[in-house]
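Some notes on the structure that comes next.
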Amino acid sequence: MPVAKSIRKKLEMSHLRIGILGAGLIGRLMALQLSSDYEVTLFDSDEQAATQSPAYLAAAMLAPVAESVETSPTLMQMGQRSLQLWPELLAQLDEPVFFQQAGSLILAFEQDSAHLVDFARHLKGDEGEDFVRINAARLAELEPELAAQSKPFKHRLFLPHEGQLDNRQLLAALASTLNARGVIWHAHTPAEIREDRVWSNAKPYDFDRIIDCRGLGAKAQIPAGQRLRGVRGEVLRLYAPDVTLNRPVRLMHPRYPLYIAPKENHHFVVGATQIESEDTRQPTVRSALELLSACFSVHKGFAEAEIIQFASGLRPALADNEPRIWVKDHLIQINGLFRHGYLLAPVIVEQCVALVNGKAEDLPNYPNLIEKL
Ligand SMILES: Cc1cc2nc3c(=O)[nH]c(=O)nc-3n(C[C@H](O)[C@H](O)[C@H](O)COP(=O)(O)OP(=O)(O)OC[C@H]3O[C@@H](n4cnc5c(N)ncnc54)[C@H](O)[C@@H]3O)c2cc1C
């Protein structure tokens, strides 16, 4: 490109006005990455605290290898790259966010040992590097309180590179950073896309780029031939001063893998059910019994735990449970993050920012992630 033309293009780019629909997880992170160069406007039907979003409910485990049992190898690679990118993203925030990469444990009692054998067989990482079978003595080093429980775990896997973060701290820190940067944020403001414009409260808004991050709220506007569905999840938040765990623990269970993710100051997220339903009712008794008995079976100290919250939400999912980025002219639609929003967000955002900047070819290419319409 001749020098004058390239300078003109640069100047045009620096004045881009970007409209983002949805200020859940992906919308906030997109705003973070774009607001240093462009004028960004966010629209969200929820309040800034995002209490209605699955992003607020999630356990925010960053577990590419554990999740690989049911995902493609590409998704695992995206998750592994995301784990490297998270610290750079968090370093841009005004407030600290709990982030940890101390691995995770997968445990099974005698009666569920077949599930763990099957789980280990389907892991896509390399044994010895991405996952290790450990004995009782190593478990005692990693999690002394678990090794001291009366009912021993018969099978144990350690996934040394996996991580987690505190999602609620992250959403709050993103909001305060974006507000400090002067991002325009229309809260309690549902929006939709019509005739290449954003419409909200019967008013049109024009942007140079529109980025749709509405999760399930975009159901009626995803590309033809795609089907977006909600997958119900129920999750508990506990305060358990009698329990200390150093990393997330998954317990093999016949219906779904249950996890206990320790956050700071003896707070724990216990979840999550995975039910093929868009039922938005409060959590059921059956799920309460299953989740609570599972965590009591892992550590008796949960008996005196305080139940802070028990809530349900819907994960936005496409047919193959993997995310897509659809690009058409100046519209980018991001959806289908399913149970992997936190796991994949840094890579998804990296790819979309590169699309806005016209630099997508500089990044790793993940088959099926980006679809040009
Ligand atoms: C129980 C549970 C546990 C989970 N645990 C994990 C986990 O451990 N690890 C992990 O990686 N992921 C986890 N997830 C998944 C993760 O939360 C989602 O993948 C992620 O939130 C999706 O991000 P998103 O930005 O695409 O959508 P969302 O977070 O749903 O954000 C969409 C936003 O769009 C807004 N919106 C909707 N409609 C409109 C409209 N018309 N106009 C304007 N705004 C609108 C909503 O208010 C919301 O703020 C879990 C999810 C659940 C439910």
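We count residues from 1, following the sequence as given. Excluded from the calculations below are hydrogen atoms, water molecules and symmetry mates; all remaining heavy atoms, backbone and side chain alike, are included.
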Within the 4.5 Å heavy-atom criterion, are [X] and [Y] side-chain neighbours or not?
| X | Y | value |
| --- | --- | --- |
| Pro346 | Trp86 | yes |
| Glu371 | Gln226 | yes |
| Ile260 | His299 | no |

- request: Please answer whether the main-chain N or O of Asp94 pairs with a side-chain N or O of Thr177 as donor and acceptor at a distance below 3.5 Å.
  value: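 It does hold such a pair.
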Looking at [Y] and [X], is there a salt bridge between them, counting it only when a charged N and a carboxylate O are closer than 4.0 Å?
| X | Y | answer |
| --- | --- | --- |
| Glu192 | Arg194 | yes |
| Glu143 | Arg247 | yes |
| Asp206 | Arg197 | yes |
| Glu276 | Arg229 | yes |
| Lys154 | Glu110 | yes |

field: Pair His186 and Tyr205, ring centroids less than 6.0 Å apart
entry: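 Close enough - the centres of the two rings lie under 6.0 Å apart.
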query: At their closest point, which heavy atom of Asp320 faces which heavy atom of Arg324, and how far apart are they?
result: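 Result for this residue pair: OD2-NH2, 2.7 Å.
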- prompt: Within a radius of less than 6.0 Å around CD of Glu304, do more than 12 heavy atoms belonging to other residues, nucleotides or ligands occur?
  reply: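 No, not enclosed.
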